[in-house]
Enquirer: 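I'd like to ask you about the structure that follows.
Here is how names work: the chains are called A, B, and so on, in the same order as the sequence lines, proteins then strands, and each is numbered from 1. Owing to the predicted nature of the structure, the values given are computational and were not obtained by experimental measurement. Note: hydrogens, waters and symmetry copies are ignored here, and every other heavy atom, side chains too, is used.
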Amino acid sequence: MNGKTSLVSTLLSLFLIGNLAACGTTQPQGESGDNQQVEIFSWWTGAGEEAGLNALIEQFEKKNPGIEVKNAAVAGGAGTNAKATLATRMQGNDPPDTFQVHGGSELNDSWVAAGKMKPLNDLYEQEGWKDTFPEELIQMVSRDGNIYSVPVNIHRGNVLWYNKKVLDQHGIDPPKTFDDFFDAAEKLDKEGITPLALGDKEPWASTHLLETVLLGKLGPEGYSNLWTGELSFDDPKVKDALKTFKKMLKYTNQDHAARNWQDASQMVARGDAAMNIMGDWVKGYLTTDLKLEPGKDFGWTPTPETEGSFMVITDTFGLPKGAKNPEATKKFLKMLGSVEGQDTFNPLKGSIPARVDADKKKYDAYGKETMEAFKESKLTPSLAHGSAAPEGFVTEANQAVNTFVTQGHVDSIANRLKQQFESYK
Amino acid sequence: MIPIEPIRLQGAIHLTSHRMEMHQRVDISRKPAPKPGWKRGEKWAGLLLLCPSILAIAVFVYGFIGWTGVVSLTRWNTLVPDFTFVGLQNFVALFQDFRFQSDLRNTLVFTVFFILACLVIGLLLATLLDTRIRGENLFRNLFIFPMALSLIVTGVVWQWIFNPSTGVNLFLKKIGLEEPPVWYVDTRILPGVEWGRIEWGIPVALIAVVVAAVWQLSGFTMAMYLAGLRAIPDELREAARVDGAGEWQIFRRVIFPLLRPITLSVVIILGHISLKIFDLIVAMTGPGANYVTDVPGVYMFETTFRGNHYAQGAAIAVIMLFMISLLIVPYLLSGMRKEADR
């Protein structure tokens, strides 16, 4: 037995020594010269977004013939797999040159807080970006006065999608308030139509629904105060929102736990359900995959009582410390932030540009309307998509919401969220 | 009880299950030890040849297990590694957690039902095939075939089949069932005794998952039992018949006891599959509403890679390892003892 242990420990120490030696010799080298490379890390592998990314890369390589772009996209799990890969690489000091990250907490409370990102203030000065991106958006990618990433696109989270024919048939106007919503839901329910389609096989979809209710009930200020800690999760107003959320769940399809968000939008597309609350990636799905016509087959409106608020989900790219080609990467970031770059990518992905001065003609009816709303609305960070709070809290919130959807104990979820939020302060 | 010839039986198992990685290991431990008396040089050459794999296993299996153990005792619950020692804090938090308690319940229920169903169905199929019916080959392959699929594929297909609104329920509605079961979407837990933070009992939703898993692996059980049955000499049955035993009695008193080592192997193999199950759940149901179909593997993945709770994920991994050890270590030990006896 003794002999065995000593053998194992010898082998282990040999391995460790070998490792240390390797560390000394194979430091990544900052290569400069004519064959530069930019490695772009993302989870853009879906139909529209991949086309958008490829168009960007093509455009970049044409303009910068000396620089080769390496597309390191990781598919699957709505970014989960990519984020896991990224975490491993960052921890191992082998960062990609630039990577996709949602603006807000996902960037600021993780990589920036860990001191792994380089500020991009000079790039913003140089390109005059401080005037072309909305102030609130720049706040979302800043920490302690430094700006850390370049927003490429904007998705809106608080959108209610509806089947035009179904609502017209029953003489219902798209609901503006929660009262409207419940009146409509009651009417539709009696007619045997599912009022609200939900697909929360992946629990974030319920969290997404809840955050739009919170935004509606608390207003943009109250909602933002949740994330600064000024408003507590066991506040009566939050509990009221939770009760409203619970009431809405009564009008959803019974099999919601077996569906994903695509299935839920499909229910609306087919007319099995009347409404669906989901981010505007739904539009891409309805128009590209299901070949429906926006404004004719389906319509949209802000979720109840959130007119004038804009739940922002923004993909951004930053510059990690230890990136092998910082200069070439900055060139790429410049293009991402340019009107030309944003107008190349966004029409293909089905999102709107983060800049307020992009060319509206390149976008469809929904895009034009949303660009207008983006300019005029209060911008609020999304919880379900990692902008409002640290990933750890998002996971906890998803778990609490998943339990709540079945059990419906308002006090228990309020306390749990409060407790969890405090532990992530 | 008449002892069976171990070598012969082992050979049969080996032939039918050479693709199961676990079983190979079991096999090796049971093989008769090589006769001593080889030359000294050969001994060193053998050790030298084994060296790379010993080294690889030491580092990539035991080294990493040890590392996971270390991480589980730290405060590394953010993106940035933090190796502050916190003792068993992560474990305590887990055992108080609603989700983890649900996971333990689900794993227990799933494992029991899955193994029992596989054993019963596998034995039944094997007994029927052992009557040397015509087309035995065809049937045998038919039953084993699901095993060739990945659990991900099985999960996706059964997810469609048990989808409450588009799957088998369409058929059930057609034949007049007003309210067909909602399968894996069902949130009931029967009988639902409250203890700790959750209700204990059988989550109805898990039944659908058990069906999928049994469909995939009962063929394997059948193959194992068939090999066992074929290894039983006909003389034994005939002797029993001469003694006046009926077919049922022969089965109960002669065949069944002789199949005990097979049953044990099957339980070990299926048990370690079911305690670690991940892919089937991910593809078929996800964690489920109220975590009725969640298992430790899924929780481990989500908390580590979605929530960046590395220490907590490591703690789950350690608990899973412990659960599987409870099953496998006694088995390995008994195998080693037998080897030593020889």
Enquirer: Measuring heavy-atom distances to chain A, does B/V292 have an atom under 4.5 Å in its side chain, in its backbone, in both, or in neither?
Expert: neither
Enquirer: What part of A/N253 gets closer than 4.5 Å to chain B, counting heavy atoms only: side chain, backbone, both or neither?
Expert: neither
Enquirer: Pick one of side chain, backbone, both or neither for B/Y184, based on which atoms fall under 4.5 Å of a heavy atom in chain A.
Expert: side chain
Enquirer: With only heavy atoms counted, which part of B/S165 is less than 4.5 Å from chain A, the side chain, the backbone, both or neither?
Expert: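 B/S165 touches chain A through backbone and side-chain heavy atoms alike.
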Enquirer: If I compare all heavy atoms of B/F98 with all of B/R197, which pair ends up nearest, and what's the gap?
Expert: CD1-O, 3.4 Å
Enquirer: Using heavy-atom distances under 4.5 Å, tell me whether A/Q399 contacts chain B through its side chain, its backbone, both, or neither.
Expert: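 For A/Q399, backbone and side chain are both near chain B.
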Enquirer: Parallel under 30°, tilted from 30 to 60°, perpendicular over 60°: which one fits the rings of A/F404 and A/F245?
Expert: parallel
Enquirer: Drop me the distance from A/D255's CG to B/D186's CG, to the nearest 0.5 angstrom.
Expert: 12.5 Å
Enquirer: If you look at every heavy atom in B/L94 and B/F100, which pair is closest and at what distance?
Expert: O-CB, 3.2 Å
Enquirer: Who passes side-chain contact (heavy atoms from CB on, under 4.5 Å) against A/D315, sequence neighbours left out?
Expert: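 Testing A/D315 for side-chain contact (heavy atoms from CB on, under 4.5 Å), a comparison that skips the adjacent residues, returns A/W43, A/W44, A/Q100, A/H102, A/N153, A/K349.
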Enquirer: If we define contacts as heavy-atom pairs under 4.5 Å, which of A/G386, A/A257, A/A84, A/A258 has the most with chain B?
Expert: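 Counting heavy-atom pairs under 4.5 Å, the top option is A/A258.
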Enquirer: Scan for side-chain hydrogen bond (donor to acceptor under 3.5 Å, both in side chains) pairs involving residues 75-94 of chain B, sequence neighbours excluded, and state none if there are none.
Expert: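 Matches after skipping sequence neighbours: B/N77-B/N90, B/D82-B/T84.
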Enquirer: Tell me which of these, A/Q91, A/Q407, A/Q254, has more heavy-atom pairs under 4.5 Å with chain B than the rest.
Expert: A/Q91
Enquirer: Select one option (side chain, backbone, both, neither) describing which atoms of A/Y424 are under 4.5 Å from chain B's heavy atoms.
Expert: side chain
